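This structure is a prediction, so every number in the text was calculated from the model and none was measured.
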Amino acid sequence: GSGSGPTLNAVPASSGGWINDPTVLPITLVATDPDGVSEARYNWNSAASSTVGTTYTNNQEIDPIEGSNNLYLWGRDSLGTQSTAGPFGLYQVDSVSPGIVSNIQSTPASPTTDTTPSWSWNAASDPAPSSGIASYSLALYKNGSLHATPAPVTSTSWQQPDYGTGTFTLYVYAGDTAGNNGPTGS
């Protein structure tokens, strides 16, 4: 007010890291002015202005968009005074699951009498917007039944404890930083 232009804000000011569902973090856009707000706009990743961005009203909620993005605001009060705010962010959304884990192998190779083989696999891909692979979850089957679910690992290998003799199959899937899980490989 008083010729200073609207007060503009985005709440929350960031996603606080990667999320996998944009609807769980609505962003409230604020545009207030004692003289009244005649127009307000928001824009992703570049400045908003009188001609750039999407119009909004005070306390309107929007969802963050896929990827790693900044939010910019612009407003004009009823006296014609303009103001800008931002960048707000980062708002980071990754709703894309990692790829399948492949080439899961034991060392020594199966069949073996070694009761503590080492397992390894090829890293899973994490397609764009790629929050990054956080860990691999494991399920070890012995003679066709679930035998163990070890703690997730961050590497592409795992050392099997001595579970005695039998036929073992290891199932592995990747999880990304945003919390998406990929398909299971074996």
Side-chain angles (χ1 to χ4, degrees), residues 4-33 37 39-76 82-104 119-139 149-158 170-186:
S4 63
T7 299
L8 307 171
N9 200 6
V11 180
S14 79
S15 60
W18 286 97
I19 60 173
N20 62 21
D21 178 357
T23 65
V24 302
L25 190 85
I27 303 164
T28 302
L29 301 177
V30 176
T32 59
D33 192 292
V37 176
E39 187 180 9
R41 291 177 180 260
Y42 71 90
N43 198 48
W44 291 104
N45 298 317
S46 64
S49 70
S50 62
T51 58
V52 175
T54 304
T55 58
Y56 74 92
T57 56
N58 187 42
N59 290 326
Q60 179 177 332
E61 288 188 347
I62 63 168
D63 290 331
I65 60 174
E66 193 82 8
S68 188
N69 303 287
N70 283 305
L71 182 64
Y72 295 81
L73 306 177
W74 170 90
R76 179 174 31 226
Q82 299 180 44
S83 61
T84 59
F88 297 94
L90 289 169
Y91 298 98
Q92 296 177 296
V93 178
D94 176 359
S95 63
V96 181
S97 295
I100 193 166
V101 172
S102 62
N103 200 31
I104 300 171
W119 294 85
S120 64
W121 52 89
N122 292 350
S125 62
D126 190 30
S130 192
S131 58
I133 300 297
S135 65
Y136 293 93
S137 294
L138 313 173
T149 52
V153 297
T154 55
S155 65
T156 55
S157 63
W158 175 67
L170 183 66
Y171 295 89
V172 182
Y173 67 85
D176 68 18
T177 302
N180 302 298
N181 291 325
T184 302
S186 65

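Taking Tyr72 as the reference, nothing meets the ring-ring contact (aromatic ring centres under 6.0 Å, His included) condition, with sequence neighbours excluded. The side-chain hydrogen bond (donor to acceptor under 3.5 Å, both in side chains) test applied to Ser68 returns Gln92, not counting sequence neighbours. Take Ile65 and apply the side chain to side chain contact (heavy atoms under 4.5 Å, CB included) test, not counting sequence neighbours, and it matches Trp44, Asn69.
Contact record, Pro6 with Val37: CB-CG2, 4.1 Å, taken as the closest heavy-atom pair. In plain terms, the two heavy atoms of Pro26 and Pro12 that are nearest each other are O-CD, 3.7 Å. What you find for Pro98 and Ile133 is that their closest heavy atoms are CB-CD1, 3.7 Å. Closest approach of Ser97 and Gly182 over heavy atoms only: CB-CA, 4.4 Å. The heavy-atom pair separating Gly89 from Asn70 by the smallest distance is CA-OD1, 3.7 Å.
Contact of the Glu39 side chain with the Thr55 side chain is registered, since non-hydrogen atoms from C-beta on lie closer than 4.5 Å. Residues Asp126 and Asp94 are in side-chain contact: their nearest non-hydrogen atoms beyond the backbone lie under 4.5 Å apart. Asn9 places a side-chain heavy atom less than 4.5 Å from the side chain of Phe88. Taking 4.5 Å as the limit, some side-chain heavy atom of Ile62 sits within range of a side-chain heavy atom of Tyr42. Two residues are said to be in side-chain contact when any heavy atoms from C-beta on lie closer than 4.5 Å; Trp121 and Leu138 meet this criterion.
Listed by first then second residue, pairs satisfying side chain to side chain donor-acceptor pair (under 3.5 Å) with a partner in residues 177-186 read Asp176-Asn180, not counting sequence neighbours. Judged as a salt bridge (Lys or Arg N to Asp or Glu O under 4.0 Å), not a single pair has a partner in residues 57-66 (not counting sequence neighbours). Sequence neighbours left out, the pairs with a member in residues 15-29 that pass side chain to side chain donor-acceptor pair (under 3.5 Å) are Asp21-Thr23.
How far OH of Tyr173 is from OG of Ser137: 3.5 Å, rounded to the nearest 0.5 Å. Taking CH2 of Trp74 as the reference point, atom OG of Ser83 lies at 8.5 Å (rounded to 0.5 Å).
Ser135 places no side-chain N or O within 3.5 Å of a backbone atom of Pro152 that could act as its donor or acceptor partner. Remark: side-chain polar atoms of Thr57 are not paired, donor with acceptor, to backbone N or O of Gln60 under 3.5 angstrom. Checked by atom type and distance alone, the side chain of Tyr136 pairs as donor or acceptor with a backbone atom of Ala124 at under 3.5 Å. A donor-acceptor pair is defined here as one N or O able to donate and one able to accept, closer than 3.5 Å; no such pair exists between the side chain of Ser125 and the backbone of Pro127.
Each of Thr84, Leu8, Asn43, Val30 was checked for a side-chain contact (heavy atoms from CB on, under 4.5 Å) with Leu73, and the lone residue meeting it is Leu8.
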